[in-house]
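FYI, the numbering just counts along the sequence from 1.
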Amino acid sequence: MGLAVLALPTLLTSLDTSVLFLALPHISADLDPSGTQQLWIVDIYALMIAGFLVTMGTLGDRIGRRLLLLIGASLFAVASVLAAYSSSAEMLIATRALLGIAGATLMPSTLGLIRNMFQDPAQRAVAIAAWMSTFMLGIAVGPLAGGALLDSFWWGSVFLLGVPVMVVLLLTGPFLLPEFRSDEAGRVDLGSVLLSLATTMPIFYGIKELAADGPEFLTLGALVVGVVFGVLFVMRQNRLPSPLLDLSPFKNSTFSSALTVMLIGSAVMGGITLSISQFLQLVEGMSPMRAGLWLLPAAVSVIVSGMASVGLAQKLGAGNVIIGGLLFTVIGGVMLSQVDDSSGVGYVITCFSLVYFGIGPMSALTTDIVVGSAPPEKAGSAASTSETSTQLGVALGVAGLGSIGSVVYGNDIEGAVPSSVVGDAATAANDSLAGAITVAPQLTGDAGVALVESARSAFVSGMGAVGITIGALVAAMVILSAVKLRKGPSGGGEPADPAVEGSEVPDATATVPSGESV
């Protein structure tokens, strides 16, 4: 029952990321934000989550993970109401920032509590797989839920989704969730918190802008600033007796390799999801809600493979199961590289589902390796490291794979844009399929139809390039997993000693014999 309660904020955090894209046109019509304000309305949520994950994960270890979760849930509910009834673009940006800070408390707290509630490695692996499946489900149902709400209500209704979920969490959490804190933890170092924010937020901002506008001066400057502060952050952590982020686990090759595989796997998911979503809506002309329905098979496949991987890992070893799953992703990427104008939706979704199916075991088992490698008193810190790696991977995937698709699109569309299209219109048509579709109505005769057909064909070519890149990246992941993870734990780290001095950990295995799964 506690795990079901923890699934609620996990579902909401992922769902809240995807529903906004559907609501943005309605928000623009009502609040009339500038182009820059629109970007901040979309991006500030993810930036705040990324910036505060490390701080919140460690803070939960020190003040109590359940307490931090309930505080974050309260803040999320209040910020959701404020966002729903925002009367200006500035107010919506501010409330979205509050939502991001609150969201940063939810993910590491839920994952850290799972680490303490399920002491048996086999049970913990099942719980983490279920937690990850809930996260994936939220991404898939976001467009469906958002589309249904926007068909009947105003744009603010998409934010109110979070209120009843958080109310349930606040009412049941104190009774169904154990508290855990480390009495040995020192004070939270403010300097480390500031350095953490100065590291993660410029890097995430730079990656996002790199995907949107290419390597401009401000974008590259943000990346350099983030790296410089990152070096200072690491130096400070090595000097502190009680660091904000314990860097010692990174010396373990299995831990570091699992994080690397998680980073690349998340990049693959972020990049291919962007490509397929655009394909369904811009090439096939589907509504967001119908496109969401076509995305469901992939979401189901990743849930099925993620849950099944736990039992297989007990028999075959986590590394072997990760490798076996990733081979499906390689196949899906190679198949996608062969896509053309005649392939059809069914073929594209099959490729997409194969990629997701192969990522499922990686997502579930590497998360378990990272969180299970940490002692109970540092599980929140390990969970925040895992989530930061995932968030960074998604951002890198959207930027990197999106850029590859854009380059191929630009090469293919060259010469197809009529000479009568000049200035900003020509730039838009040459930059993206969405730009070409916007420009096409301005052309006379069949020129507009020809431009859209050429642009769609160029986009499909770019999607094929994304597919072959995914195949190559995941093949490298297979090699890394074979070298570093095959001899790792079968379904999580070694069982932790539940009797950690100074902590309040319930006996999670009192009714289940050690070594048996639920």
Side-chain angles (χ1 to χ4, degrees), residues 10-11 13-15 17-18 21 46 49-50 107 128-129 131-143 204 207-208 211 258-280 291-292 294-307 309 322 325-336 348-367 370 386-405 463 466-478 481:
T10 304
L11 176 69
T13 304
S14 59
L15 189 147
T17 303
S18 55
F21 293 105
I49 286 182
M107 300 301 283
I128 287 178
W131 176 88
M132 183 62 69
S133 297
T134 305
F135 183 80
M136 296 298 176
L137 182 63
I139 293 175
V141 302
F204 274 82
I207 291 172
K208 282 179 170 292
L259 277 179
T260 302
V261 171
M262 187 183 300
L263 177 77
I264 299 174
S266 300
V268 168
M269 294 187 75
I272 194 171
T273 302
L274 173 67
S275 293
I276 301 301
S277 299
Q278 290 180 321
F279 170 81
L280 293 174
W294 275 101
L295 294 176
L296 281 178
V300 172
S301 73
V302 76
I303 291 171
V304 169
S305 65
M307 293 302 299
S309 67
I322 290 171
L326 292 178
L327 291 176
F328 281 95
T329 300
V330 173
I331 293 171
V334 172
M335 287 177 59
L336 186 62
V348 172
I349 295 301
T350 299
C351 301
F352 184 43
S353 298
L354 280 171
V355 170
Y356 259 49
F357 182 83
I359 292 292
M362 180 281 300
S363 298
L365 297 177
T366 55
T367 301
V370 171
S386 169
E387 284 306 300
T388 301
S389 178
T390 300
Q391 294 281 343
L392 179 60
V394 171
L396 283 171
V398 170
L401 294 176
S403 296
I404 290 172
M463 194 165 64
V466 169
I468 196 63
T469 306
I470 286 173
L473 278 174
V474 178
M477 288 170 59
V478 170
S481 300

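When all heavy atoms of S277 and L295 are compared, the pair lying nearest together is OG-CD1, 4.0 Å. When all heavy atoms of M362 and S266 are compared, the pair lying nearest together is CE-N, 4.4 Å. Closest heavy-atom contact between A364 and M132: N-CG, 4.5 Å. In plain terms, the two heavy atoms of S481 and L326 that are nearest each other are OG-CD1, 4.0 Å. Considering every non-hydrogen atom in both S309 and L365, the closest pair reads OG-CG, 3.9 Å. Taking each heavy atom of G360 and V302 in turn, the nearest pair found is CA-CG2, 3.5 Å.
Considering CZ of F357 and OG of S305, their distance stands at 5.0 Å, rounded to 0.5 Å. The line from CZ of F279 to CD1 of I272 is 12.0 Å long, rounded to the nearest 0.5 Å. Expressed to the nearest 0.5 Å, how far OG1 of T367 lies from CG of L259 amounts to 9.5 Å. Note that OG of S275 and CD1 of I470 are 7.0 Å apart. Values are rounded to the nearest 0.5 Å. With values rounded to the nearest 0.5 angstrom, L263 atom CG is found 10.5 Å from T366 atom OG1. Distance check, rounded to the nearest 0.5 Å: CG of L327 to CE of M477 gives 11.0 Å.
For the pair M307 and S133, the minimum side-chain heavy-atom distance is below 4.5 Å. By the 4.5 Å heavy-atom criterion applied to side chains, V355 and V474 are not counted as neighbours.
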- request: Output, in order, the C-alpha distance, side-chain angles, deciding distance and verdict of side chain to side chain contact (heavy atoms under 4.5 Å, CB included) for M107 and W131.
  value: CA-CA 10 Å; M107 300 301 283; W131 176 88; 3.6 Å; yes
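Side chain of S353 to main chain of T350: no donor-acceptor pair is present (N/O by atom type, distance under 3.5 Å, no hydrogens or angles).
Using modelled atom types and a 3.5 Å distance limit, the side chains of Y356 and T273 yield a donor-acceptor pair.
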